[in-house]
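Owing to the predicted nature of the structure, the values given are computational and were not obtained by experimental measurement. Within every chain, numbering begins at 1; the chains are lettered A, B, ... in the order of the sequence lines, protein sequences first and strands thereafter.
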Protein chains: 2
Amino acid sequence: MRQNPARRAALLDAAIEVLAREGARGLTFRAVDVEAQVPNGTASNYFDNRDDMLTQIGYRFYERLEPDPGMLAAGLEGPRDRAKVTQLMHDLVDRISRFRSGYLALLELRLEATRRPELRRLLTERIRADVDANIRYHTEAGLPGDATTVILLYLALNWLIVERLTLPDVFPEDRIHDLVTDVVERILPGPGQSA
Amino acid sequence: MRQNPARRAALLDAAIEVLAREGARGLTFRAVDVEAQVPNGTASNYFDNRDDMLTQIGYRFYERLEPDPGMLAAGLEGPRDRAKVTQLMHDLVDRISRFRSGYLALLELRLEATRRPELRRLLTERIRADVDANIRYHTEAGLPGDATTVILLYLALNWLIVERLTLPDVFPEDRIHDLVTDVVERILPGPGQSA
DNA sequence: TTGACACCACTCTAGATGTAGTACTACGTT
DNA sequence: AACGTAGTACTACATCTAGAGTGGTGTCAA
């Protein structure tokens, strides 16, 4: 078990790419070595086994997902109405969709979590924290809607992203934008005044 | 390539179980043979290769998912109000959740579809048909809400099921029921009269 | 000089694939 | 009733692949 944290991070990022591109089946130490352009055996030196690697991928993913402070601040500017939420949700969907490999890797991790208790614990904790943070942010910013609103947005947008990333022709790309708008308009109460 | 359709179906059902339980990595001809309790080499005789098998699993899944005629009829009884939709959605979520292995296998297939054009085509077609059928059923039954409503229900409930099946502790089991209710109440317009 | 790491090479192992060969069953033919 | 044929089931095998893990050597920095 090597210590070099930069190298470990590089390996994990490579692992995320492999996981997204080749699937759980293609995720091997070797493949990670190749993707990270390091000599064979390196990944093997950094991770005890596949289990260990998968868990560390989970950590790494959330490390990379730390929300952009600039973005958070942007959410606090201007009026707190429904249009604002719509814009925030568009930004959110775009940001996640742009990290395609990360999101696909996370889906793979979810499925793996089905069989790996430690991974399951990790993901459960992170996602709960994520949902809670969204709720807190939303309500503290005085945006319209309550905790349930935020959860519903979370549910609908997540699947919308799944659909977009895995079967892009079910909802054609040019309808995605409208769908995000629809989601917000239908889920948020009232015609746009704050709370 | 053998013809016996009963045996082929049994193999595919076994494959669904393996896919859900062991993941894409564990899905091998051998594993399917074992699961189906047939001699080694049988799956190899029935499928050209893994690709072929995965595609056939996709077909088989939708074969098994044919909606229950009794259930469809039940949706047409009684008043067409919001309570009715809530009940239908509860039934839907329960029905899918009960076929846990099938749904998990389908998620695996979605991820595989990322790399397999034929599988992607198949799933796209089936899911589109499924969504369209839901919309048609919903509107023709005179249930409250329009096409967008149905799509939003589809989005939110799908992710709710993902959450339930992969990370059951994010939303504890006893809150799922309330969440389904919330989803319907927030997404459906008005206080419950028909359309 | 020591320790941590990068790099390289090698072996071991496991597991999967696909096929060749045999046996069985059912059906049709004469 | 005997025979032949086709389609399967079953078994065993030969092959192949690739990945895991480790030991050894070189390198750099404290």
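Between E77(A) and K84(A) no salt bridge is recorded (no basic side-chain N to carboxylate O distance below 4.0 Å). Note on R164(B) versus D169(B): no salt bridge recorded, every NZ/NE/NH1/NH2 to OD/OE distance being 4.0 Å or above. Between E63(B) and R60(B) there is a salt bridge, since at least one side-chain N of the basic residue sits less than 4.0 Å from a carboxylate O of the acidic one.
Nearest-nucleotide positions on DNA chain C for L27(B) and T42(A) put T42(A) closer to the 5' end. Between R25(A) and G41(A), it is G41(A) whose nearest contact on DNA chain C lies nearer the 5' terminus.
Within 4.0 Å (heavy atoms only), N49(B) reaches no atom of the nucleic acid at all. Among the atoms of the strands shown, only primed sugar atoms or phosphate atoms (P, OP1, OP2) are found under 4.0 Å from some heavy atom of T28(B).
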Provide a list of protein-nucleic acid N or O atom pairs under 3.5 angstrom, restricted to nucleotides 23-28 of chain C.
none

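dT19(C) atom C1' lies 18 Å from atom CZ of F47(B), rounded to whole Å. Here dA20(D) presents its P atom at 8 Å from CZ of R50(A), a figure rounded to the nearest Å. One can place CZ of R8(A) at 13 Å from C1' of dC5(C), the figure rounded to the nearest angstrom. What separates CG of N40(B) from P of dG15(C) is a distance of 13 Å, to the nearest Å. Between the OH atom of Y46(B) and the P atom of dT8(D) there is a distance of 7 Å, given to the nearest Å. Taking atom CG of N45(A) as the reference point, atom P of dG19(D) lies 17 Å away to the nearest angstrom. One can place CE of M53(B) at 14 Å from C1' of dG18(C), the figure rounded to the nearest angstrom. The nearest whole Å value for the distance from the CE atom in M1(A) to the P atom in dA6(C) is 14 Å.
A salt bridge (Lys or Arg N to Asp or Glu O under 4.0 Å) check over residues 113-124 of chain A, counting only residues at least two apart or in different chains, returns the pairs D51(A)-R116(A), E112(A)-R115(A), E112(A)-R116(A), R115(A)-E108(B).
Of the candidate nucleotides dC7(C), dG18(C), dA6(C), dA6(C) has the atom lying nearest to any side-chain atom of N4(A). The side chain of R2(B) approaches dT8(D) more closely than any other nucleotide in the set dT22(D), dC5(C), dT8(D). Nearest to the side-chain atoms of R30(A) among the listed nucleotides dG19(D), dC5(C), dT8(D) stands dG19(D). Residue F29(B) has its side chain nearest to dG18(C) when only dC5(C), dA20(D), dG18(C) are considered. Among the nucleotides dT22(D), dC5(C), dC7(C), the one closest to any side-chain atom of R7(A) is dC7(C).
Side-chain atoms of Y103(B) and N158(B) include a donor-acceptor pair closer than 3.5 Å.
Under the 4.5 Å side-chain criterion, counting only non-hydrogen atoms from C-beta, R186(B) is in contact with T149(A). A 4.5 Å side-chain heavy-atom check between L88(B) and V184(B) finds every atom pair outside the cut-off.
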Legend entry - Nucleic acid footprint by protein, nucleotides 25-30 of chain D - heavy-atom cut-off 4.0 Å, B for base, S for sugar-phosphate alone: ------
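Ring orientation note: the planes of Y154(A) and W159(B) are nearly perpendicular, at an angle over 60° on the 30°/60° scale.
Distance CZ/R8(B) to CG/D13(B): 12.5 Å, rounded to 0.5 Å.
Checked by atom type and distance alone, the side chain of R50(B) pairs as donor or acceptor with a backbone atom of L27(B) at under 3.5 Å.
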